[in-house]
J.: 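My questions all concern the structure below.
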Amino acid sequence: MTTLTASIAGFDFDDIMLNAAGVYCMTTDELNEILNAPGAGTLVTKSATPAYRTGNPEPRLTAMPMGSINSMGLPNNGLDYYLDYVIKTQTNKPLFLSIAGLSKADNLAMLHQILDSDFNGLVELNLSCPNVPGKPQTAYDFDATRTILEETFAFYTKPLGVKLPPYFDIVHFDMIAEILNDFPLAFVNTINSVGNAISIDPATDTVVIAPKGGFGGIGGELVKPTALANVRALRMRLKPEIKIIGTGGVKTGRDVYEHILCGADLVSVGTNLYLEGPEIFARLKAELQAEMQAKGYTDLAAFRGKLQTLPN
């Protein structure tokens, strides 16, 4: 028998997989599908802004070879909607509430609201929204990242983590880890989509999504090497109490296994959840267990973070 458990900030998970914020989490019906899906250990809500947003014009999400491209623009039903859901939902599973304000003031106001509420779970502060026209990603501005975390932890006392974009330079791994290690973060979620890509329709010679002239974030199989590198690099640099949620390129149980091998505690699924539906979790769980059995592992701790390297 294999056990697939994890713990973050005192919350215990009987299974390690969840949806990625943005997929199957816009409505309470979708959230309930994830909550009740065999193999899913928890869920995260759609990244919320203070009020309802329609998001970017359609088409804004489409499948492409080996993945997807999107420029959603943070469509969501507003913080009140998702906060009400996570407070009222009866479940033994710890839940994640994701927020993504369009300004620092938005984020701090939402965190005050959550702190004053009855929510007993984990908050994901999304610092990596690449697809809102005219808005930069906070997590690529290291000074701004430190400032928002300083102002957040000046008052916020509930379990909190951050969602990060992909980093591509070794020195940037060092810089972001130095910042994150200065705060009592429960987790980091890495990565968000790889931003500012273009996909072209060969039949029409046009881009495939409407917003931002066709520029969007890519996900799916294409981004797995980048996602694994970010999980690995951050696990090597972050203090042990900051757990990692690995996100990006998960299509098979072997992909989940590799995220754990690089140091992930939980693993979320985005593009292929969108393509396959919540039944993907049962398949991924079975494939992960088969991979573990083939390697002789019965527990995730036996190989978590134990990626082997070659001699120079």
J.: Any heavy-atom pair between the side chains of Leu284 and Val269 that's under 4.5 Å?
T.: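 They are in contact (side-chain heavy atoms under 4.5 Å apart), so the answer is yes.
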J.: Can you find a pair of side-chain heavy atoms, one from Met292 and one from Lys295, that are under 4.5 Å apart?
T.: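 In short, these two side chains do not touch, never coming nearer than 4.5 Å.
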J.: From Phe119 CZ over to Ile87 CD1, what is the distance, rounded to the nearest 0.5 angstrom?
T.: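 Those atoms lie 8.0 Å apart.
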J.: Going through the distances and angles, do Phe187 and Phe96 end up as a ring-ring contact (aromatic ring centres under 6.0 Å, His included)?
T.: CA-CA 11 Å; Phe187 66 92; Phe96 288 85; 5.3 Å; yes
J.: Please lay out, stage by stage, how Asn76 and Thr49 fare under the test side chain to side chain donor-acceptor pair (under 3.5 Å).
T.: CA-CA 7 Å; Asn76 72 95; Thr49 50; 2.9 Å; yes
J.: Can you hop from Met236 to Phe173 via hydrophobic side chains spaced under 4.5 Å?
T.: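 No; Phe173 is not reachable from Met236 via cluster members.
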J.: For residues Leu95 and Thr89, determine if any side-chain heavy atom of one lies less than 4.5 Å from a side-chain heavy atom of the other.
T.: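 Yes, close enough: below the 4.5 Å cut-off.
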J.: Applying side chain to side chain contact (heavy atoms under 4.5 Å, CB included), run through Thr138 and Asn107 and close with a yes or a no.
T.: CA-CA 11 Å; Thr138 298; Asn107 282 322; 5.7 Å; no
J.: Apply the test side chain to side chain contact (heavy atoms under 4.5 Å, CB included) to residues Leu108 and Glu151: give CA-CA distance (whole Å), side-chain angles for both, the deciding distance (0.1 Å), then the verdict.
T.: CA-CA 8 Å; Leu108 295 176; Glu151 295 188 27; 3.2 Å; yes
J.: Short question: side chain of Thr3, backbone of Thr5 - any donor-acceptor pair under 3.5 Å?
T.: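 Between the backbone of Thr5 and the side chain of Thr3 there is no qualifying donor-acceptor contact (under 3.5 Å).
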J.: Could you give all pairs that pass the side-chain hydrogen bond (donor to acceptor under 3.5 Å, both in side chains) test and reach residues 139-149, with sequence neighbours left out?
T.: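 Applying side-chain hydrogen bond (donor to acceptor under 3.5 Å, both in side chains) to every pair that reaches into residues 139-149, excluding sequence neighbours, yields Arg146-Asp182.
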J.: Between the side chains of Arg254 and Glu287, is the shortest nitrogen-to-carboxylate-oxygen separation below 4.0 Å, so that they form an ion pair?
T.: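 Looking at Glu287 and Arg254, the cut-off is not met.
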J.: Measure the OG1-CG distance between Thr45 and Leu97 for me, rounded to the nearest 0.5 Å.
T.: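 Atom-to-atom, Thr45:OG1 and Leu97:CG are 4.5 Å apart.
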J.: Which pair of non-hydrogen atoms, one from Ala6 and one from Ile16, has the smallest distance, and what is that distance?
T.: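 Where Ala6 meets Ile16 most closely, the heavy atoms are CB-CG2, 4.1 Å.
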J.: List in chain and number order the residues that pass side-chain contact (heavy atoms from CB on, under 4.5 Å) with Glu241, two or more places apart in sequence or in another chain; answer none if no residue qualifies.
T.: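 Checked Glu241 against side-chain contact (heavy atoms from CB on, under 4.5 Å); matches are Lys239.
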J.: From Leu125 CG over to Thr152 OG1, what is the distance, rounded to the nearest 0.5 angstrom?
T.: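 It comes to 6.0 Å.
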J.: Given side chains that start at C-beta, do those of Met72 and Asn56 come closer than 4.5 Å, heavy atoms only?
T.: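 No, too far: nothing below the 4.5 Å cut-off.
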J.: What distance do Ile176 atom CD1 and Asp174 atom CG have between them, rounded to the nearest 0.5 Å?
T.: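 Between Ile176 CD1 and Asp174 CG, I get 11.0 Å after rounding to 0.5 Å.
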J.: For residues 301-312, please give each side-chain donor-acceptor pair under 3.5 Å, one per line with the distance, not counting sequence neighbours.
T.:
residue : atom : partner : partner atom : Å
Arg304  : NE   : Ala264  : O            : 3.0
Lys306  : NZ   : Ala302  : O            : 3.4
Gln308  : NE2  : Lys306  : O            : 2.9

J.: Any donor-acceptor pair under 3.5 Å linking the side chain of Thr298 with the backbone of Met1?
T.: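 No, because the side chain of Thr298 does not come within donor-acceptor range (under 3.5 Å) of the backbone of Met1.
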J.: So, using side-chain contact (heavy atoms from CB on, under 4.5 Å) as the criterion, who are the partners of Ser68 when residues are at least two apart?
T.: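 For Ser68 the side-chain contact (heavy atoms from CB on, under 4.5 Å) partners, ignoring immediate neighbours, are Leu61, Thr271.
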J.: On a heavy-atom basis, which atom in Ala100 and which in Asn126 lie closest, and how many Å separate them?
T.: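 In this case the closest contact between Ala100 and Asn126 is CB-CB, 3.7 Å.
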J.: Give the intermediate values and the outcome of side chain to side chain contact (heavy atoms under 4.5 Å, CB included) for residues Arg235 and Asp265.
T.: CA-CA 10 Å; Arg235 183 66 285 155; Asp265 296 273; 4.2 Å; yes
J.: What's the verdict on side chain to side chain donor-acceptor pair (under 3.5 Å) for Tyr274 and Asn70, showing C-alpha distance, side-chain angles and the deciding distance?
T.: CA-CA 12 Å; Tyr274 161 70; Asn70 84 88; over 6 Å; no
J.: Tabulate below the donor-acceptor pairs under 3.5 Å that side-chain atoms of residues 217-231 make, not counting sequence neighbours, or state none.
T.:
residue : atom : partner : partner atom : Å
Glu221  : OE2  : Lys251  : NZ           : 3.2
Lys224  : NZ   : Asp255  : OD1          : 2.8
Lys224  : NZ   : Glu258  : OE1          : 2.9
Asn230  : OD1  : Tyr167  : N            : 2.9
Asn230  : ND2  : Tyr167  : O            : 3.3
Asn230  : ND2  : Thr226  : O            : 2.8

J.: Look only at the side chain of Thr2 and the backbone of Gln289, and say whether a donor-acceptor pair between them is shorter than 3.5 Å.
T.: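 No; judged by distance alone, with no hydrogens or angles, the pair does not exist.
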J.: State whether the side chain of Asn181 and the backbone N or O of Arg237 hold a donor-acceptor pair below 3.5 Å, judged by distance alone.
T.: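 Pair found, side chain donor or acceptor close to backbone of Arg237.
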J.: Which pair of non-hydrogen atoms, one from Val250 and one from His259, has the smallest distance, and what is that distance?
T.: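 Here Val250 and His259 meet closest at CG2-CD2, 3.7 Å.
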J.: Nearest 0.5 Å, what's the CG-CG distance between Leu261 and Leu300?
T.: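 Going from the CG atom of Leu261 to the CG atom of Leu300 covers 11.5 Å.
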J.: How long is the gap from CG on Asp15 to NZ on Lys93, to the nearest 0.5 Å?
T.: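 It is 7.0 Å, given to the nearest 0.5 Å.
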J.: For His112 and Tyr156, I'd like to know if the aromatic rings sit close, meaning centre-to-centre distance below 6.0 Å.
T.: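 Ring-ring flag for His112/Tyr156: false, centres at least 6.0 Å apart.
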J.: Between Asp80 and Tyr85, does the side chain to side chain contact (heavy atoms under 4.5 Å, CB included) criterion hold? Intermediate values first, please.
T.: CA-CA 9 Å; Asp80 288 348; Tyr85 175 83; over 6 Å; no
J.: Got a donor-acceptor contact below 3.5 angstrom from the Arg53 side chain to the Gly73 backbone?
T.: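 Between the backbone of Gly73 and the side chain of Arg53 there is a qualifying donor-acceptor contact (under 3.5 Å).
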J.: Testing the basics here: between Gly39 and Phe281, what is the closest heavy-atom pair and its distance to 0.1 Å?
T.: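 That would be C-CB, 3.8 Å.
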J.: Going by heavy atoms in the side chains, are His172 and Phe142 under 4.5 Å from each other?
T.: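 Side chain of His172 against side chain of Phe142, heavy atoms only: contact under 4.5 Å found.
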J.: Can you tell me if CG on Asp118 sees more than 12 non-hydrogen neighbours from other groups inside 6.0 Å?
T.: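 Atom CG in Asp118 is not crowded, with 12 or fewer foreign heavy atoms closer than 6.0 Å.
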J.: More than 12 foreign heavy atoms under 6.0 Å from CD of Glu178: is that the case here?
T.: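 Atom CD in Glu178 is not crowded, with 12 or fewer foreign heavy atoms closer than 6.0 Å.
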J.: Without swapping roles, check the side chain of Asn77 against the backbone of Tyr81 for a donor-acceptor pair under 3.5 Å.
T.: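 Not at all, since once roles are kept as given, no pair shorter than 3.5 Å links the two residues.
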J.: Quick check: closest heavy atoms across Pro166 and Ile191, and the distance to 0.1 Å?
T.: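 Pro166 and Ile191 have their closest heavy atoms at CA-CG2, 3.8 Å.
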J.: Is there a side-chain contact between Leu288 and Ile260 (heavy atoms, below 4.5 Å)?
T.: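 SC-SC contact between Leu288 and Ile260 confirmed.
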J.: Is the count of non-hydrogen atoms from other residues, nucleotides or ligands lying under 6.0 Å from Asp14 atom CG greater than 12?
T.: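 Atom CG in Asp14 is not crowded, with 12 or fewer foreign heavy atoms closer than 6.0 Å.
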J.: Could you tell me whether the side chain of Tyr297 reaches within less than 4.5 Å of the side chain of Tyr257, counting heavy atoms only?
T.: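 Result yes, sub-4.5 Å side-chain heavy-atom pair found.
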J.: Taking all atoms of both residues into account, what is the closest heavy-atom pair of Ala48 and Gly78, and its distance?
T.: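 Minimum heavy-atom contact is CB-C, 4.1 Å.
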J.: Considering only NZ, NE, NH1 and NH2 on the basic side and carboxylate oxygens on the acidic side, decide whether Lys46 and Glu30 come within less than 4.0 Å.
T.: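 No salt bridge links Lys46 with Glu30.
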J.: Please name all residues satisfying salt bridge (charged side-chain N to carboxylate O under 4.0 Å, His left out) with Asp201, sequence neighbours left out, ordered by chain then number.
T.: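 In terms of salt bridge (charged side-chain N to carboxylate O under 4.0 Å, His left out), with neighbours along the sequence ignored, Asp201 is linked to no residue.
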J.: With a 4.5 Å heavy-atom cut-off, do Ser7 and Phe13 have their side chains touching?
T.: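 Answer no - side chains too far apart.
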J.: Is a side-chain N or O of Asn189 found less than 3.5 angstrom from the main chain of Gly161, in a donor-acceptor match?
T.: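 Not a single qualifying donor-acceptor pair exists.
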J.: Between Tyr82 (side chain) and Ile99 (backbone), is there a donor-acceptor pair under 3.5 Å?
T.: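 Not a single qualifying donor-acceptor pair exists.
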J.: Please test Gln137 against Ser128 for side chain to side chain donor-acceptor pair (under 3.5 Å), starting from the C-alpha separation and ending with a verdict.
T.: CA-CA 5 Å; Gln137 294 194 54; Ser128 60; 4.8 Å; no
